[in-house]
Peer 1: 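To start, I am sharing the structure in question, which I have written as structure tokens.
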Amino acid sequence: MEFDCEGLRRLLGKVRTTRRAGSGAPGSRERFEPWPGCLLAVVHCLVMGLGAQAGWTEAGCGYKFRDLTVEELKNVNMFFPHFRYSMDTYVFKDSSQKDLLNFTGTVPVMYQGNTYNIPIRLWILDSHPFAPPICFLKPTANMGISVGKHVDAQGRIYLPYLQNWTHPKSVIVGLIKEMIAKFQEELPLYSLSSSDEARQVDLLAYIAKITEGVSDINSKNWANHENKTVNKITVVGGGELGVACTLAISAKGIADRLVLLDLSEGTKEGMMDLDIFNLPNVEISKDLSASAHSKVIIFTVNSLGSSQSYLDVVQRNVDMFRAFVPALGHYSQYSVLLVASQPVEIMTYVTWKLSAFPANRVIGIGCNLDSQRLQYIITNVLKAETSGKEVWVIGEQGEDKVTKWGGQEETMSHNSQVQLSNRAMELLRVKGQRSWSVGLSVADLVDSLVNNKKKVHSVSILAKGYYDIKSEVFLSLPCILGTSGVLEVIKSTMKEDRVTEKLQSSASSIYDLQQQLKL
């Protein structure tokens with residue numbers, strides 16, 4: 001369906017247009033700012049393709065499901081007729097830009113007996129209604145943002161309704177109703193004193209340039225909440241491994257509060273038993289916001305599809321992680337992310353990329369279990385005297401892992417080390433990695449992280465720069481762990497050609513697979 005731009009303006013009579021800088025130049029874009037009373041016509045015009053006739057780029061007006069979008073916005077207008085619609089440029093986290101339809105207005109929120117009009121702004125993606133809107137608060141200069149379960153420092157809004165968005169069940173009106181309900185529990189804005197308003201103007205200018213990502217802006221609300229919650233741990237995944245991690249951490253008494261997020265449909269047997277017997281300080285939830293302010297988040301989920309290739313299996317895990325890692329990162333912006341999902345090296349890399357966390361706070365369980373077992377076998381089974389030297393299993397989980405001895409002095413000959421390692425590794429190979437044993441290993445790592453043990457573990461970290469590895473891959477290396485994640489990587493002063501060759505080979509194969517994934 002084609003529209004005559006000027007004819008539509010004359011027909012409406014109330015639409016004013018403004019050009020951005022460079023008006024009249026090739027590629028310039030018009031911005032439509034409708035007055036109240038003609039919203040639906042303008043929305044229809046914008047979504048159905050008026051932008052293309054006005055000289056906008058195709059990226060600016062490529063709404064894929066135009067009729068569905070128009071029908072839904074008609075419904076929004078019935079419930080919230082005061083919303084104002086416009087087409088503006090949205091900047092994504094990767095710095096790409098797109099002209100998107102958006103609307104602003106206020107929603108009434110009843111809080112402690114008073115009604116507050118909370119200003120919001122919703123951006124409609126060009127894949128709507130199959131993708132949820134991007135939602136922000138739109139505070140004025142005399143308002144401050146209360147960072148909490150559902151709002152970050154830039155005012156972006158996170159809700160279970162957004163996380164679980166599915167067409168045709170999910171609609172914008174339903175989203176706004178849940179938004180109002182959540183804001184009634186925790187008011188997202190507060191009034192600033194006059195002395196704070198100048199700083200708020202600068203903050204609003206900063207927010208206007210940012211649409212996604214983690215900021216260095218802190219909040220007094222965050223600090224207060226952190227003081228109340230001491231050691232909160234979240235386990236993501238209600239399968240055997242998730243339950244095993246929950247039981248192991250609970251048995252160690254590490255967590256003041258332990259949240260088990262079950263993201264599957266229905267109730268699994270292990271989850272039901274946990275619910276029945278009601279472990280102290282353990283909460284079972286399907287709501288991602290229940291993880292808010294965790295010190296450590298443990299990922300145990302794995303895709304259970306019958307895919308045809310290994311790449312398909314890994315891609316299914318990547319797709320699953322894409323759905324919840326960014327939100328969990330938002331709810332616990334200062335946590336350490338501990339990955340137990342398989343393949344652990346690749347899924348740790350995926351978690352790092354999706355979360356945008358610093359590399360020292362994204363760790364895979366790697367070869368920690370194998371290292372602990374190897375040291376036990378050497379000391380207690382083979383009864384070997386190692387003069388206090390530690391040995392770790394490092395590299396890639398599986399057949400390509402390799403042993404590394406610690407210490408700077410040659411208290412044992414190289415041949416003795418190799419022979420002892422080989423004998424121990426033969427015994428280690430018959431040991432499987434069952435869920436309960438991995439759960440115990442995870443609890444050991446969490447203990448070091450939460451209680452700042454500064455203990456050495458062989459865990460998957462960003463290996464770029466070590467052993468002449470030049471690509472962004474995660475491999476197990478011996479590290480000192482503490483509350484901020486990886487505190488230090490244990491470096492060897494001895495030449496280790498065999499180890500270097502193995503690690504570089506693993507890094508190359510992992511990198512090749514990563515390049516085939518769609519993040």
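As the structure is a prediction and not an experimental result, all values here were calculated from the model.
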Peer 1: Give a yes or no answer on whether the side chain of Thr69 reaches the backbone of His128 with a donor-acceptor pair at less than 3.5 Å.
Peer 2: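 Confirmed, Thr69 side chain pairs with His128 backbone.
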Peer 1: Do the side chains of Lys64 and Asp126 get close enough for a salt bridge, i.e. N-O under 4.0 angstrom?
Peer 2: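 The answer is yes: the pair qualifies as a salt bridge.
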Peer 1: What's the verdict on side chain to side chain contact (heavy atoms under 4.5 Å, CB included) for Leu288 and Leu263, showing C-alpha distance, side-chain angles and the deciding distance?
Peer 2: CA-CA 9 Å; Leu288 296 182; Leu263 305 180; 3.8 Å; yes
Peer 1: Indicate yes or no: at least one non-hydrogen side-chain atom of Tyr310 is less than 4.5 angstrom from one of Leu513.
Peer 2: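 Result yes, sub-4.5 Å side-chain heavy-atom pair found.
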Peer 1: Check side-chain hydrogen bond (donor to acceptor under 3.5 Å, both in side chains) between Thr351 and all other residues, then give those that pass, not counting sequence neighbours.
Peer 2: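 Partners of Thr351 under the side-chain hydrogen bond (donor to acceptor under 3.5 Å, both in side chains) test: none.
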Peer 1: Who are the side-chain hydrogen bond (donor to acceptor under 3.5 Å, both in side chains) partners of Lys455, not counting sequence neighbours?
Peer 2: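 Listed in chain order: Asp444.
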Peer 1: Looking at residues at least two apart in the chain, or sitting in another chain, which of them share a ring pair (Phe, Tyr, Trp, His ring centres under 6.0 Å) with Phe321?
Peer 2: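 In terms of ring pair (Phe, Tyr, Trp, His ring centres under 6.0 Å), with neighbours along the sequence ignored, Phe321 is linked to Phe299, Phe324.
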Peer 1: Got a sec, which residues hit side-chain hydrogen bond (donor to acceptor under 3.5 Å, both in side chains) with Glu472, two or more places apart in sequence or on another chain?
Peer 2: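 Glu472 satisfies side-chain hydrogen bond (donor to acceptor under 3.5 Å, both in side chains) with Lys353 only.
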Peer 1: For Glu185, what residues pass the salt bridge (Lys or Arg N to Asp or Glu O under 4.0 Å) criterion, not counting sequence neighbours?
Peer 2: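 Scan of Glu185 (salt bridge (Lys or Arg N to Asp or Glu O under 4.0 Å), adjacent residues dropped) gives none.
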Peer 1: Nearest 0.5 Å, please: how far is CZ in Phe83 from OG1 in Thr106?
Peer 2: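 Reported to 0.5 Å precision, the distance equals 7.0 Å.
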Peer 1: Any side-chain heavy-atom pair from Phe130 and Leu68 closer than 4.5 angstrom?
Peer 2: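 In short, these two side chains touch, coming nearer than 4.5 Å.
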Peer 1: Strictly by modelled atom types, are Thr234 and Ser294 linked by a side-chain donor-acceptor pair under 3.5 Å?
Peer 2: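 There is such a pair between these side chains.
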Peer 1: Asp319: what forms a salt bridge (Lys or Arg N to Asp or Glu O under 4.0 Å) with it, not counting sequence neighbours?
Peer 2: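 Applying salt bridge (Lys or Arg N to Asp or Glu O under 4.0 Å) to Asp319 gives Arg322.
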Peer 1: For Pro129, does its backbone N or O pair with a side-chain atom of Trp165 as donor and acceptor, under 3.5 Å?
Peer 2: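 Judged by distance alone, yes, a pair lies under 3.5 Å.
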Peer 1: Could you check Phe103, Trp123, Phe80 and say which one makes a ring-ring contact (aromatic ring centres under 6.0 Å, His included) with Tyr85?
Peer 2: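 The single option meeting the ring-ring contact (aromatic ring centres under 6.0 Å, His included) with Tyr85 is Phe103.
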Peer 1: Using atom types as modelled and distance alone, determine if a side-chain donor or acceptor of Tyr334 lies under 3.5 Å from a backbone N or O of His293.
Peer 2: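 No, because the side chain of Tyr334 does not come within donor-acceptor range (under 3.5 Å) of the backbone of His293.
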Peer 1: Residues two or more places apart in sequence or in another chain: which of them pass salt bridge (Lys or Arg N to Asp or Glu O under 4.0 Å) with Glu178?
Peer 2: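 With sequence neighbours excluded, Glu178 shows a salt bridge (Lys or Arg N to Asp or Glu O under 4.0 Å) to no residue whatsoever.
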Peer 1: Less than 4.5 Å apart, any side-chain heavy atom of Ser146 and any of Leu187?
Peer 2: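 Answer no - side chains too far apart.
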Peer 1: Can you tell me how far CG of Asn317 sits from CG of Asp312, rounded to the nearest 0.5 angstrom?
Peer 2: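 Result: 12.0 Å between the selected atoms.
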Peer 1: Of all the heavy-atom pairs spanning Ala340 and Val442, show the shortest one and how long it is.
Peer 2: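 Nearest heavy atoms, Ala340 then Val442: CB-CG2, 4.5 Å.
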Peer 1: Applying side chain to side chain contact (heavy atoms under 4.5 Å, CB included), run through Cys245 and Val446 and close with a yes or a no.
Peer 2: CA-CA 10 Å; Cys245 290; Val446 172; over 6 Å; no
Peer 1: Quick check for you: to the nearest 0.5 Å, what is the distance between Glu72 atom CD and Asn75 atom CG?
Peer 2: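 Those atoms lie 7.0 Å apart.
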Peer 1: How close do Leu258 and Ser250 get, counting heavy atoms only, and between which atoms?
Peer 2: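 The answer is CD2-N, 4.2 Å.
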Peer 1: Sequence neighbours excluded, which residues qualify as salt bridge (Lys or Arg N to Asp or Glu O under 4.0 Å) partners of Lys177?
Peer 2: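 Not a single residue meets the salt bridge (Lys or Arg N to Asp or Glu O under 4.0 Å) criterion with Lys177.
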Peer 1: Under a 3.5 Å distance rule, please check whether Asp256 uses its side chain to pair with a backbone N or O of Asn231 as donor and acceptor.
Peer 2: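 Side chain of Asp256 to backbone of Asn231: a pair is present.
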Peer 1: Ignoring hydrogens and angles, write down the donor-acceptor pairs under 3.5 Å from the side chains of residues 362-369, residues two or more places apart or on other chains.
Peer 2:
from: Asn368; atom 1: OD1; to: His457; atom 2: ND1; distance (Å): 2.9
from: Asn368; atom 1: ND2; to: Ser441; atom 2: OG; distance (Å): 2.8

Peer 1: Within a strict 4.5 Å, meaning less than it, do heavy atoms of the Val314 and Pro343 side chains meet?
Peer 2: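 Yes, side chains in contact.
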Peer 1: Run the side chain to side chain contact (heavy atoms under 4.5 Å, CB included) check on Ser437 and Arg373 step by step: do they pass?
Peer 2: CA-CA 10 Å; Ser437 56; Arg373 283 175 167 177; 3.6 Å; yes
Peer 1: Which heavy atom of Gln315 sits nearest to which heavy atom of Gln516, and what is that distance?
Peer 2: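 Minimum heavy-atom contact is OE1-O, 4.4 Å.
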Peer 1: If we only count heavy atoms from C-beta on, is the Ser435 to Thr300 side-chain gap below 4.5 Å?
Peer 2: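 Heavy-atom side-chain distance check fails, nothing below 4.5 Å.
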Peer 1: In Å, rounded to the nearest 0.5 Å, how long is the span from CG of Leu449 to CD1 of Ile298?
Peer 2: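 These two atoms lie 9.0 Å from each other.
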Peer 1: Can you list the residues that meet the side-chain contact (heavy atoms from CB on, under 4.5 Å) rule with Ser335, with sequence neighbours excluded?
Peer 2: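 side-chain contact (heavy atoms from CB on, under 4.5 Å) check on Ser335 returns Ile297, Ser332, Leu337, Phe357.
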Peer 1: Can you confirm whether Ile284 sits close enough to Thr246 that some side-chain heavy atom of one is under 4.5 Å from a side-chain heavy atom of the other?
Peer 2: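 No, side chains not in contact.
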Peer 1: Report yes if the side chains of Met179 and Leu159 come closer than 4.5 Å at any heavy-atom pair, otherwise no.
Peer 2: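 The answer is yes, as the side chains (C-beta and beyond) meet within the 4.5 Å cut-off.
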Peer 1: Side chain of Arg66, backbone of Tyr63: donor and acceptor closer than 3.5 Å?
Peer 2: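 A pair under 3.5 Å: yes.
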Peer 1: Let me check something: any side-chain donor-acceptor pairs from residues 111-118 under 3.5 Å, sequence neighbours excluded? List them with distances.
Peer 2:
none

Peer 1: Taking the inter-plane angle between the rings of His330 and Tyr158 on a 0 to 90° scale, is it parallel (under 30°), tilted (30 to 60°) or perpendicular (over 60°)?
Peer 2: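 Rings of His330 and Tyr158: parallel, under 30°.
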Peer 1: Looking at CE of Met87 and CD1 of Ile124, how far apart are the two atoms once the value is rounded to the nearest 0.5 Å?
Peer 2: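 Spacing of CE (Met87) from CD1 (Ile124) equals 10.5 Å.
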Peer 1: So which heavy atom on Phe183 is nearest to which on Ile157, and how close?
Peer 2: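 So the minimum-distance heavy-atom pair works out to CZ-CD1, 3.9 Å.
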Peer 1: Let me see the working for Lys453 and Asp447 under side chain to side chain contact (heavy atoms under 4.5 Å, CB included), right down to the final yes or no.
Peer 2: CA-CA 7 Å; Lys453 289 288 187 70; Asp447 188 24; 2.8 Å; yes
Peer 1: How long is the span from the CG atom in Leu101 to the OG atom in Ser86, to the nearest 0.5 Å?
Peer 2: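 Interatomic distance, Leu101 CG to Ser86 OG, rounded to 0.5 Å: 7.5 Å.
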Peer 1: Could you tell me which non-hydrogen atom of Leu462 sits nearest to which non-hydrogen atom of Ala359, and how far apart they are?
Peer 2: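 Closest approach of Leu462 to Ala359: CD2-CB, 3.9 Å.
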Peer 1: Kindly write out the residues that satisfy side-chain hydrogen bond (donor to acceptor under 3.5 Å, both in side chains) with Gln514, not counting sequence neighbours, or none if the list is empty.
Peer 2: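 Per chain and number, Gln514 pairs via side-chain hydrogen bond (donor to acceptor under 3.5 Å, both in side chains) with no residue.
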Peer 1: Does Val393 offer a backbone N or O that forms a donor-acceptor pair with the side chain of Ser458 under 3.5 Å?
Peer 2: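 Yes; at least one donor-acceptor contact below 3.5 Å.
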Peer 1: So, for Gly238 and Val243, which heavy atoms are closest and what is the spacing to 0.1 Å?
Peer 2: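 Heavy atoms of Gly238 and Val243 come nearest at O-CG2, 3.9 Å.
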Peer 1: If we ignore angles and hydrogens, is there a donor and acceptor under 3.5 Å between the side chains of Ser285 and Asp287?
Peer 2: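 Result is no, nothing qualifies.
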Peer 1: With the side chain counted from C-beta on, respond yes when Val301 and Leu261 share a heavy-atom pair under 4.5 Å apart, and no when they do not.
Peer 2: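 Not in contact.
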